[in-house]
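The structure under discussion appears below in the form of structure tokens.
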Amino acid sequence: MSRKSPGPTADSDTETSGDTGGDTSRRRGRRALSAVRRWIVTAPGTYSWLAVLFVTTVLLHRTTPAFEDGTSGGVSDGSSGGPSWDPVRPLVSGVLWIDGGHWLPYAVLFTVFHATAEHWLGTLRWLAVAVLAHVLAVLLGEGVLGWAVRYGDASQSAGNTLEVGVSYALAGVVAVLTYRVPHPWRYVYAFAVLVFYGVPLAADGRTVTDLGHVTAVLTGLACYRLTRGAPSPGKRKAPSPKKREAPSPGRRGNLPQGKRGAPSPEETERPAAQ
């Protein structure tokens, strides 16, 4: 008699199903890591900048307060009797330091806004928006501050205000993302951005930094032309209509029955049969 092989037991079924569940979890983990890696690699400008900010933040926490003098504003006492305005220092140092020294919140903000804009616009156009917002906000803010110090509306110590250029560039990029939001939510998003940055400027405790943020937001909204050609969510490219090929003169057999093509010159010149 033939001997039947024993079937799978309950224990073996449980072990097999457990292995399958573990393999599925590992595959999902690998896919998630691959997606994170792809997100970072395809936004090189954002995460290179974030890496520089991490280094400068560590230096800021481990050095003496005298080291922070290089991050101050651009208005200082002049040797000729009046305050001098040097916008180069805040223009450069403003993008290298984080206000408050907390890197992790900015890592989240960079990922949500800067990386999204870089994926959408490309590195060059994203960088153009960030640079324009930063430069115009710093120049206007430092100009107003220098004017206030010169004419006595602000103290001399106000010229050493820490410039938060990182937040200026962030505000400009947040604003330009308005054109990525589909209608009609685009207007809701733009209104929310204007309220978020405009309320501190309208309040009694407004500062030069608040003015810089509003300037950066308006600069980002003015960069609409840089967004032309960038893909908009919810819009699909219409398929181009297929061109129907005209039949060649010698292939009238492909025409439907009852629809004969035009006679050839030889047929028109041939005399009719008597």
Would you say the side-chain atoms of [X] pair up with the backbone N or O of [Y], donor to acceptor, closer than 3.5 Å?
X    : Y    : value
Y179 : R186 : no
T57  : L53  : yes
S48  : G45  : no
W126 : A115 : no
T219 : G172 : no

remark   = Minimal heavy-atom distance between Y189 and L177, with the atoms involved, is OH-CB, 3.8 Å

key: Distance-minimising heavy-atom pair for V214 and G198   = CG2-CA, 4.2 Å

message = Parallel, tilted or perpendicular, judged at 30° and 60°: which one describes the rings of Y168 and H213?
response = perpendicular

message = Classify the ring geometry of Y187 against H183: parallel below 30°, tilted from 30° to 60°, perpendicular beyond 60°.
response = tilted

inquiry  = Please determine whether the number of non-hydrogen atoms from other residues, nucleotides or ligands lying under 6.0 Å from atom CZ of F54 exceeds 12.
reply    = no

query = Crowded around R28 CZ? As in, over 12 foreign heavy atoms under 6.0 Å?
reply = no

task = Please test Y197 against T215 for side-chain contact (heavy atoms from CB on, under 4.5 Å), starting from the C-alpha separation and ending with a verdict.
result = CA-CA 10 Å; Y197 287 103; T215 303; over 6 Å; no

